[in-house]
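Structure first, commentary second.
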Amino acid sequence: MINPDFCRVEEVTLSLFIFARHIFHTQMSDRKIRVRFAPSPTGPLHIGGVRTALYNYLFARRNNGVMILRIEDTDQTRYVEGAEEYIMEALEWAGIKIDEGVREGGPHAPYRQSERKEIYRQYADLLLDKGDAYYAFDTQEELEKLRTEHESRSETFNYGSTTRMNMCNSLTLGSEEVRKRLDSGEHYVVRYRMPENEDIHFTDIIRGDIVVNTSTLDDKVLYKSDGMPTYHLANIVDDHLMEISHVIRGEEWLPSLPLHVMLYRSFGWTAPLFAHLPLLLKPTGKGKLSKRDGDKMGFPVFPLYWPYGETAHGYREDGYFPEAFVNMLALLGWNPGTEQELFSMDELIEAFSIDRVGKSGSRFDPEKAKWFNTQYFHRKSDKELAGLFMPLLKEKGFTPSEEALAKVVTLVRERAGFVADLWKESDFFFVAPESYDPEVLKKRWNEGSPALIKEMREVVAGIEPFTAQDSERVVKEWIAARGHNMGTVLNLFRLLIVGASRGPHLFDITGWIGRGETLRRLDNGLSRLSQRI
RNA sequence: GGUCCAUUCGUCUAGUGGUUAGGACGUCAGGUUUUCAUCCUGGUAACAGGGGUUCGAUUCCCCUAUGGACUACCA
């Protein structure tokens, strides 16, 4: 039936194919760019996580690659309801688009590790068969005890080449005993058998060449007793299966890179290229940016509102534009080498390159974050800002026409950086002052003031038409004719209209609120302040 | 404690074997403005320290210091 010659031919083609494949895989530059963002759904993403996702995304788009979202939920005990949705919503808000993922699907589905459980088992077995991994039966209590004992001697217990032969595992137990324990359903883990005293060299795109001796490494658990893989196994298997070309992740993973490199070697796979991103640090003091810093220091650490913790603030709810948020994050640890600071997402994609990412951690600066938002705010049209401002006003019970509101925006926009600032800078357009700034009062209010205001009232009542331009002309003419002091009159006027020494051009305000409201505010001020003298 | 990583103005950073070490945020001063703000102009301020290598090091090497990460059947 089978022609031996045909078999031979096939063998040759097969080995040729394998050879070609080998060439293909060793020449990374030929490989299709595929990156992944792989968060754990253990809570809300913080801005460091968003930045990691962003750099992955920029890198993918820049190189016509594919962006994958993989959910790493192998720790069932830390799973948090709603976190996965939060992550996806946050990325969406930031404009980071996913090509393959739990929601989008793709050729390597499923993209949730808990649904890939069976896959990992096979690969753990592969390592077991090869002798690069072994079963360990030590209980968590026993290990805990060893650790605390070592700690009391200020040492660290290391389950590795120097200690593994004293432990309870398939290297020490004998195959029959191991079989028996396995058959009886005893709990076990699979550990990687780290070689002894071998220097392993590897390269990080950002940090360059690194050498680590395997003797300093321990026999990491790859497969847990609950039937789930640990991060290390699942990560390597999935990155390989999903054909990830570049692993771009946080610096906290750098210490486990040697292990990962060893795993690729054990499996006989070509490892992807690695880039470990520096961490985001607290604005002041020591340490990395943490979820608690936000509320303590008055800035958000989350992209979106997270309703389940004590630290709830999100950039979206605090009024940041996603473009500004992304721009700010992109420049935190990366720079284009030019003096340009403002980038749209498309410009970021165009300019991004992974080797321009810095090596050291970046302190997060809330002031600069605000500055970015202000820049984007100032670039929006009056109409757009008015549209964003309107809901806020309606909530407060005001319903100006779109044109009227656009006019207000025109007048106050330059003093605002956020939509919410618009209200703080324009409240006097809608509400008469309730009180008067004591500082200004002290400086501007004296015995002559009531008479001056009465006189001013008559002038204002006679302005026709009641436009900003005519009002200014008439009032100034009156001031000049009567020999009043310009500053005195106008500042007093402003105080009664606004309640303080702030705001846009005075006659723009009176023109907008109208003659009736202007006179009302003058009368109000007069009756309230006259008693002061 | 061990392993690994990092170190340029207060902060984000550019940069080079020979530069007046550049920009931005912040801050300060002046100008514009009837107010506040914007805006404009200007100022302030840095190569962690010590050894090498070199004619010359902020730049290359080593040490120290400092900071950071990791050190789980968490990711």
Side-chain angles (χ1 to χ4, degrees), chain A residues 38-42 72-75 77-78 136 138-140 143-144 147 150-151 153-159 187-191 204 206-208 210-213 215-218 220-226 228-232 234-235 249-258 276 278-279 281 283-284 286-288 328 331-342 358-372 374 378 412-416 425 437 440 444 472 475-476 479 485-495 498 500-507:
Chain A
S40 278
T42 55
E72 307 220 326
D73 56 347
T74 52
D75 185 358
T77 62
R78 290 212 308 160
D138 319 274
T139 65
Q140 298 202 46
L143 293 171
E144 196 58 41
R147 284 201 189 91
H150 278 71
E151 214 167 299
R153 281 176 275 143
S154 69
E155 287 167 19
T156 309
F157 172 69
N158 195 343
Y159 201 127
H187 278 330
Y188 67 88
V189 298
V190 176
R191 282 182 184 272
D204 180 271
I206 295 169
R207 277 148 232 283
I210 300 168
V211 186
V212 176
N213 190 285
S215 293
T216 65
L217 270 20
D218 57 352
K220 274 276 179 299
V221 171
L222 299 180
Y223 202 81
K224 301 184 270 189
S225 58
D226 66 355
M228 278 292 210
T230 59
Y231 171 86
H232 305 292
N235 190 263
R249 77 233 288 198
E251 195 185 5
E252 69 268 26
W253 293 109
L254 199 53
S256 42
L257 184 52
H276 287 86
L279 264 20
L281 273 20
T284 56
K286 288 183 177 187
K288 64 172 178 176
M328 176 271 292
L331 272 289
L332 214 51
W334 169 85
N335 79 84
T338 65
E339 279 172 8
Q340 184 179 354
E341 288 203 274
L342 265 16
K359 289 181 207 285
S360 52
S362 311
R363 240 178 233 290
F364 176 74
D365 182 4
E367 286 305 317
K368 189 104 188 205
K370 286 182 194 161
W371 177 80
F372 273 110
T374 304
H378 288 331
V412 304
R413 55 174 298 150
E414 66 200 14
R415 30 213 91 227
E425 299 298 341
D437 186 333
V440 184
R444 302 290 180 188
E472 178 166 6
V475 170
K476 279 188 172 170
I479 290 170
N485 178 285
M486 184 89 84
T488 306
V489 177
L490 292 179
N491 283 304
L492 201 53
F493 196 4
R494 174 179 292 277
L495 183 66
V498 173
S501 174
R502 65 189 175 99
H505 205 63
L506 184 54
F507 297 103

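Naming: A, B, ... by sequence-line order, numbering from 1 per chain. All values below come from the heavy atoms of this structure, side chains included, with hydrogens, waters and symmetry mates left out.
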Residues which pass salt bridge (Lys or Arg N to Asp or Glu O under 4.0 Å) with [X], listed by chain and number, not counting sequence neighbours:
X: A/Lys476; value: A/Glu472
X: A/Asp365; value: none
X: A/Glu425; value: none
X: A/Arg147; value: none

Quiz item: Quantified in whole Å, what is the C1' atom distance between nucleotide B/U19 and nucleotide B/A57?
Solution: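 My reading of the C1' atoms in B/U19 and B/A57 gives 13 Å.
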Quiz item: If the C1' atom of B/A65 is compared with that of B/C73, how far apart are they to the nearest Å?
Solution: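 B/A65 and B/C73 have their C1' atoms separated by 38 Å.
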Short N/O separations, protein against nucleotides 43-50 of chain B, under 3.5 angstrom:
none

Exercise. With sequence neighbours left out, write down each residue that passes ring-ring contact (aromatic ring centres under 6.0 Å, His included) with A/Phe364, or none if nothing qualifies.
Key: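 Expected list: A/Phe299.
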Quiz item: Who pairs with A/His378 by ring-ring contact (aromatic ring centres under 6.0 Å, His included), at least two apart in sequence or on another chain?
Solution: none
Quiz prompt | Minimum-distance nucleotide (side-chain atoms of A/Val212 versus B/U11, B/A6, B/U3) | solution =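 Closest nucleotide among those given: B/U3.
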Exercise. Take atom CZ of A/Arg444 and atom C1' of B/U34, then tell me their distance rounded to the nearest Å.
Key: 8 Å
Holding to side-chain contact (heavy atoms from CB on, under 4.5 Å), I want the full list of residues that pass it with [X], two or more places apart in sequence or in another chain.
X: A/Ala38; answer: A/Arg36, A/Arg70, A/Glu72
X: A/Thr139; answer: A/Glu141, A/Glu142
X: A/Gln340; answer: A/Thr338, A/Phe343, A/Glu347

Write out a two-atom table: protein N or O, nucleotide N or O from nucleotides 36-39 of chain B, distance below 3.5 Å.
residue, atom, partner, partner atom, Å
B/C36, O4', A/Ser501, O, 2.8
B/C36, O2, A/Arg415, NH1, 2.1
B/C36, O2, A/Gly503, N, 3.3
B/C36, N3, A/Arg415, NH1, 2.5
B/C36, N3, A/Gly503, O, 3.4
B/A37, N1, A/Glu414, OE2, 3.2
B/A37, N3, A/Glu414, OE2, 3.4

Self-check item: Letter per nucleotide, 5' to 3', of nucleotides 65-75 of chain B [B base touched, S only sugar-phosphate touched, - untouched; heavy atoms, 4.0 Å]
Solution: --SSSSSSBBB
Quiz item: RNA chain B: A/Lys368 or A/Phe364, which has the more 5' nearest nucleotide?
Solution: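 Per heavy-atom nearest nucleotide, the more 5' residue is A/Phe364.
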Practice problem: Measure the spacing between OH of A/Tyr159 and NZ of A/Lys220 and express it to the nearest 0.5 Å. | Solution: 13.0 Å
